[in-house]
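Inspection log for the structure reproduced underneath, given as C-alpha cells.
Here is the naming used below: chain letters follow the sequence lines, and residue numbers restart at 1 for every chain. Keep in mind that this is a model prediction, so the values were computed, not measured. Note: hydrogens, waters and symmetry copies are ignored here, and every other heavy atom, side chains too, is used.
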Number of protein chains: 2
Amino acid sequence: MGKEKNISTETIKRLIIYLRYLDTLNKNGIKIISSENITSLLNVQPSQFRKDLSFFGEFGKRGVGYNVDSLANSIRKILGVNREIDVVLIGVGKLGSALIQYTGFKKINVNIVSCFDKNPDKIGTMVENIRVEDIKNIGKTLKRTGIRIAILCVPVEEAQSVAKYIVGFGIKGILNFAPATLVLPAEVNVSNVDMASELGNIIYYLK
Amino acid sequence: MGKEKNISTETIKRLIIYLRYLDTLNKNGIKIISSENITSLLNVQPSQFRKDLSFFGEFGKRGVGYNVDSLANSIRKILGVNREIDVVLIGVGKLGSALIQYTGFKKINVNIVSCFDKNPDKIGTMVENIRVEDIKNIGKTLKRTGIRIAILCVPVEEAQSVAKYIVGFGIKGILNFAPATLVLPAEVNVSNVDMASELGNIIYYLK
DNA sequence: TAGATTGTTAATCGATTAACAATC
DNA sequence: TAGATTGTTAATCGATTAACAATC
C-alpha cells in the first residue's frame, strides 16, 4: 500500500470516519457489517463506501458484508496509522496546550512527543508529560527523532515564518491551526484547521 | 442577500479566506487589487475568485480591479458577519477554554457570550470573562438571548445526546469538535472540526 | 483609443451515485 | 439453490478552469 495514485482527500477523510465507527462496532461486539448498515448513520451512501474501499483492494465478502475487525485493521494500514506516529507541536499557547492533551490524536496512534515555543517564560515548563523546549533547538530534535510532522499553533502573524523555518529542518507535513494560507514547497503537505471559517459557514447557511 | 441558492460550502470557505486577505491588504494601505493578485498567494485560480463573487453580484471594475475596502464589506454582508454574532459554547474542558479566548472568532465578529458544562466543579468558575453555567439552564439563556449557534466541545461519548438536547432549545447551527457524526434534523447546520482526520490525511499523503 | 481586467459562458475535470453482474 | 451484498462500470452531478466578449 501507499502506491495508490489520485486518491482524493475526501476519500481519506471518510476512511477515518469509517475507522472510528468500526472501532465502536468492535467494542460493541459486532463482527460483521454491510455497506448499507455502516453508512446509515454517517451521511454517506453505501456505494460511496464501497467505492472508497475499492481504490485499495477487496475487503468484503459478497452476500455477507465486511468483517469489522479485519476491515478496521486494513484501513489502519491504508492510512498508515497501524503503528505509532510521533509528531511535534509548535506554539504552546492555550490552544497548543489543549491539543497536547487531546485524546483524539492518541486514538489514531499519534503521539505529540515534543513541543516548542519561543517565549522564555514557557520554555522549561511542563505541559501534560512533556517539557516545552526552545524553538531554536527544534532542528536537533527533528534530526535525532526523524519526525516529519508538526502541529502548528503559533499566532497567525508568525505562522508563515515558523512554517518555513521548520520545513528547513525536514518537516514534510503540517497541521496548521493559524488562519493563514502557508506558502511552502509543493512537496510539503499542509492541512488547515480553520475554525473561524467553519463557523462562518454555519453563519452563512443560517440566514 | 441571503436568498442565493446552491452556493457550495467551498465557495463560502473561500470567501472567508478572501476576506482575511482583504483585511490584511487594507491594513497595509492597498486600495485596489485584481483577481490575479489577490489569488496569487491563496492557492486559488483568478477565475475561481471571480466565479465565487459572481454568485452574489458584481463587485469589480473592468480594466481596473476591486476596491479592497468595499469588497471586504460586501463579503462581510454576504457571509452575515457585518454585525456582531453571539454564540454559546458547551463543554468547558481544555479545548473549550482555549476556544473561549481564541481571537480568530472575534475577528469575524463572533462572540462567545455564554458557556456551559455539567461538571459541578466547573459551574460558577470564570473562563476569560464569562461564567461557566449549568448546562441544565441553557434553555433559559437561549430563550432570553435568541442565540441559535453553539460550539460543541464535549467528550465524544456525549456529543450526540448534548447536540440533540440543545437542538430542542432552538439551536440551529453547531460547530462540532467531537469526532462523531451527529444525527440531527436536516434543518440543523453542523460543521465538524475534525482535527484527527486532518492529521490522518497528512499521514496518508506523507507515505 | 489601447490596454487591462472583469463577469460569464462553455469546456473540462473529478467526485458521487445508480445499476448490475459477480459471487458468497 | 435463492437471497444478499459486494466490487465495478457507467451515468450523473457538480465544481473548477479556460476562454473571451464586455467594458472600464
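- With salt bridges taken as basic N to acidic carboxylate O contacts below 4.0 Å, none links B/Glu133 and B/Lys140.
- Counting any heavy atom pair closer than 4.0 Å across all strands shown, A/Ser47 reaches a base atom.
- With the nearest nucleotide of DNA chain C identified for both A/Val64 and A/Arg14, A/Arg14 has the one nearer the 5' end.
- Under the side chain to side chain donor-acceptor pair (under 3.5 Å) rule, B/Arg76 has a single partner from B/Asn109, B/Asp23, B/Asn82, which is B/Asp23.
- A donor-acceptor pair is defined here as one N or O able to donate and one able to accept, closer than 3.5 Å; no such pair exists between the side chain of A/Asp117 and the backbone of A/Lys122.
- Within 4.0 Å of A/Ser8, counting heavy atoms only, lie sugar-phosphate atoms of the nucleic acid but no base atom.
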>> Test side-chain contact (heavy atoms from CB on, under 4.5 Å) on B/Val87 and B/Ile151; report intermediate values, then the result.
In response: CA-CA 7 Å; B/Val87 306; B/Ile151 300 175; 4.1 Å; yes
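- Mapping A/Val44 and B/Gly60 onto DNA chain C by nearest heavy atom places B/Gly60 closer to the 5' end of the strand.
- For residues 9-43 of chain B, every residue pair satisfying the ring-ring contact (aromatic ring centres under 6.0 Å, His included) rule, not counting sequence neighbours, is listed here: B/Tyr18-B/Phe49.
- Annotated stems with DNA chain D as a participant read C:3-24 with D:3-24, given as range with range, by first number; only runs of 3 or more Watson-Crick or G-U pairs under 3.5 Å qualify.
- Of the options B/Arg50, B/Gln45, B/Gln48, a side chain to side chain donor-acceptor pair (under 3.5 Å) to B/Ser35 is made by B/Arg50 and by none of the others.
- Along DNA chain D, the stretch of nucleotides lying under 4.0 Å from any heavy atom of chain A spans, 5' to 3', D/dA4 to D/dT9.
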> Going through the checks in order, is the side-chain contact (heavy atoms from CB on, under 4.5 Å) test met by B/Lys31 and B/Asp69?
Replying inline: CA-CA 7 Å; B/Lys31 303 287 185 204; B/Asp69 191 51; over 6 Å; no
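- Within 4.0 Å of B/Thr11, counting heavy atoms only, lies no atom of the nucleic acid at all.
- If you check the side chains of B/Thr11 and B/Asp52, you find a donor sitting under 3.5 Å from an acceptor.
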